[in-house]
Student: 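Pasting a structure below so you can have a look.
Letters go in sequence order (proteins before strands), and every chain restarts at 1. Bear in mind the structure is a predicted one, so any value in this text is a computation, not a measurement.
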Amino acid sequence: MSSQKRSERAVTPMSEDVSGWYNDVVTRAELADRGPAKGTMVIRPYGYAIWELLQRQLDDRFKATGHVNAYFPLFIPESYLRREAEHVEGFAPELAVVTHAGGEELAEPLVVRPTSETIVGEMYAKWISSYRDLPILINLWNSVVRWELRPRMFLRTTEFLWQEGHTAHADEADAMAETLRMFDVYDEFARNVAAIPMVRGEKTPGERFAGAVRTFTIEGMMRDGKALQSGTSHYLGTNFARAFDITYQDRENELQHCHTTSWGLSARMIGATILAHGDDRGLVLPPRLAPHQVVVVPIGRGDQLDATTAEAQRLAAALRERDVRVLVDTRDQSPGFKFNDWELKGVPFRVELGPRDLEAGVAVLAQRVGDEDEDGRARKHPVPLAELAAGMPARLDAYHDALVARAQAFRDAHTAVVDDLDAFTAQVAHGFAVALHCGDPACEARIQETTRATPRCIPSEGDEESGPCVSCGGASAYGRRVVFARAY
RNA sequence: CGGGGUGUGGCGCAGCCAGGUAGCGCACCUGCUUUGGGAGCAGGGGGUCGCCGGUUCGAAUCCGGCCACCCCGACCA
């Protein structure tokens with residue numbers, strides 16, 4: 001093939017233009033497409049299959065920790081938002097408001113939910129009256145709308161899919177335990193399902209959720225060294241309980257305010273997966289989020305193709321028996337086309353099955369990443385057909401572990417402790433800077449202005465340390481170092 | 001909202017400077033040949049040239065205005 005043809009089909013190299021690369025991968029791998037209205041996107045079947053896998057595995061974890069699902073309305077009376085001062089202030093700029101409906105102006109405008117704390121609070125107030133009603137542990141799978149100035153598919157769209165958990169508890173200890181429990185669930189999920197080792201920690205006051213007392217976050221490092229907030233868990237104290245009268249009578253017959261929590265993880269996690277694992281060939285999917293973990297490509301023509309296709313189907317059946325998601329690609333395309341197509345789509349393992357292989361009783365196995373030759377091409381290994389299916393679950397697990405290790409190594413290589421502003425500025429250009437900070441919001445703002453980096457979190461793991469602020473030289477806050485990075 | 005860029009078949013582009021009614025590659029359809037890294041040949045379908053107005057015998061092309069989208073900032077899961 002001519003090199004011209006090739007470059008036309010390949011995605012924009014990541015090294016050249018990360019945004020261009022990202023857009024190419026999302027559209028060419030058929031994960032999503034832009035919707036007609038600004039900031040909207042259509043999640044295509046391949047992308048939605050990833051979402052369904054993510055959703056199911058996360059939902060299992062919610063159920064295992066005692067939560068139940070429910071559905072709350074899309075429309076919220078505007079006045080509800082106003083009841084919690086910080087909450088309104090935080091969300092006012094990105095609200096979509098419905099003022100007309102049924103051909104008439106509404107008596108009270110309705111906001112399209114940007115998040116559901118307020119309407120959940122209103123209903124919880126109605127449902128909770130005794131300590132016997134607590135805790136209440138509800139999760140919502142829905143979409144929310146936040147009017148974004150600069151949309152990017154999966155990372156920041158006007159409407160996005162997510163889940164939001166909302167819980168109410170008798171006291172702070174209970175609510176804090178819940179906040180941290182779900183924080184752990186997110187962290188574990190990110191590592192064990194999305195294969196992304198997260199930096200976990202607490203948000204600084206300036207970065208906290210509007211209306212929260214404490215916010216915990218998992219931050220992933222993308223291949224360009226930028227941070228992506230990938231899940232947050234909030235302890236809301238009694239802020240919403242006081243705003244919405246969520247009260248209960250305790251054993252002593254005293255009226256008490258509930259302590260509430262909320263926690264959310266969105267389809268942005270798909271964006272995180274793309275940006276954390278992808279390469280110049282396209283998408284790299286972790287096996288537990290891959291709609292097809294194995295694709296089998298039968299090769300040959302005429303009767304030979306019939307024979308290899310039949311064998312491919314037998315192999316696929318054996319793989320399915322072991323709960324491997326497998327697809328036999330019987331499209332009327334050349335084998336080379338299929339190899340490239342499935343590499344672009346990030347499928348972990350590819351099996352080639354040709355006449356020569358049938359003869360030898362083997363199949364040719366290649367993996368998407370982690371086993372390349374000098375030219376960067378996936379090595380091909382003949383594997384006895386009889387052993388392929390039985391060994392696949394272990395191979396998938398090993399592949400997952402290798403992705404985690406690779407991402408971890410990348411993150412470590414792009415994270416550095418820095419103690420002066422020059423080193424800080426250089427570091428955030430390509431990774432995370434771990435620095436002492438005074439905690440002054442004005443100082444945070446100055447850092448962002450000059451370096452475009454923001455405090456991502458105060459890491460949960462980390463030695464106690466104090467000293468001069470990396471920026472202003474004032475006394476450090478938090479008793480430990482803060483992770484700074486440019487963020488998506 | 002500031003700075004940069006782009007609008008021409010589904011996608012990527014040329015044509016515009018020197019106006020004459022649209023072309024290339026990919027994709028698509030049909031047929032034959034092919035199938036171990038993006039197949040070949042032949043035939044074919046598909047475009048109000050972002051929108052509105054102006055100049056002109058005639059506008060994708062020149063002039064004025066508007067709009068949309070993308071990228072980089074400010075806001076954000």
Student: If you pin A/Gln333 and A/Tyr488 to their nearest nucleotides in RNA chain B, which one's is more 5'?
Tutor: A/Gln333

Student: Which whole number of Å gives the distance between the P atom of B/C70 and that of B/U8?
Tutor: 14 Å

Student: Name the one of A/Trp263, A/Phe183, A/Tyr235 that satisfies ring pair (Phe, Tyr, Trp, His ring centres under 6.0 Å) with A/Phe216?
Tutor: A/Phe183

Student: Which of parallel (below 30°), tilted (30 to 60°) and perpendicular (above 60°) describes A/Phe244 and A/Phe240?
Tutor: parallel

Student: So, is A/Ser19 close to the B/C72 phosphate, meaning a side-chain N or O under 4.0 Å from OP1 or OP2?
Tutor: yes

Student: Does B/G25 pair with anything, Watson-Crick or G-U wobble, both distances under 3.5 Å, and if so, with which nucleotide?
Tutor: B/C11

Student: What is the nucleic acid contact for A/Val144, judged by heavy atoms within less than 4.0 Å: base, sugar-phosphate only, or nothing?
Tutor: nothing

Student: Over all strands shown, is A/Gln229 touching base, sugar-phosphate only, or nothing at heavy-atom distances under 4.0 angstrom?
Tutor: sugar-phosphate

Student: If only side-chain N and O atoms of A/Arg152 are considered, is one of them under 4.0 Å from the OP1 or OP2 phosphate oxygen of B/C76?
Tutor: no

Student: Look at all strands and tell whether A/Arg350 reaches a base, only sugar-phosphate, or nothing, counting heavy atoms closer than 4.0 Å.
Tutor: base

Student: Reckon A/Arg34 touches a base, only the sugar-phosphate, or nothing at all at heavy-atom distances under 4.0 Å?
Tutor: sugar-phosphate

Student: Taking any heavy-atom pair under 4.0 Å as a contact, classify A/Thr215: base, sugar-phosphate, or nothing.
Tutor: nothing

Student: Does B/A68 pair with anything, Watson-Crick or G-U wobble, both distances under 3.5 Å, and if so, with which nucleotide?
Tutor: B/U6

Student: Let's go through A/Phe484 and A/Phe424 carefully: what are the C-alpha distance in whole Å and the side-chain angles of both, what is the deciding distance for ring pair (Phe, Tyr, Trp, His ring centres under 6.0 Å) to 0.1 Å, and is it a yes or a no?
Tutor: CA-CA 9 Å; A/Phe484 284 84; A/Phe424 181 100; 5.2 Å; yes

Student: Side chain of A/Ser334: nearest nucleotide among B/U35, B/A39, B/C75?
Tutor: B/A39

Student: A/Glu343 has a side chain; which of B/G36, B/G37, B/C72 sits nearest to it?
Tutor: B/G37

Student: Reckon A/Arg486 touches a base, only the sugar-phosphate, or nothing at all at heavy-atom distances under 4.0 Å?
Tutor: nothing

Student: Pick base, sugar-phosphate or nothing for A/Asn23, based on heavy-atom distances below 4.0 Å to the nucleic acid.
Tutor: sugar-phosphate

Student: Please state whether the rings of A/His292 and A/Trp342 are parallel, tilted or perpendicular, taking 30° and 60° as the class boundaries.
Tutor: perpendicular

Student: When the ring planes of A/Phe62 and A/Tyr186 are compared, do they come out parallel, tilted or perpendicular, using 30° and 60° as the limits?
Tutor: perpendicular

Student: By nearest heavy atom, map A/Leu161 and A/Gly20 onto RNA chain B; which one lands nearer the 5' end?
Tutor: A/Gly20

Student: State which of B/G36, B/G38, B/A74 makes the closest approach to the side chain of A/Gln448.
Tutor: B/A74

Student: Select base, sugar-phosphate, or nothing to describe what A/Gly354 touches, counting heavy atoms under 4.0 Å on all strands.
Tutor: base

Student: Base, sugar-phosphate, or nothing for A/Lys338, non-hydrogen atoms under 4.0 angstrom?
Tutor: nothing

Student: When we call it a touch if two heavy atoms are under 4.0 Å apart, what does A/Leu228 touch: a base, just sugar-phosphate, or nothing?
Tutor: nothing

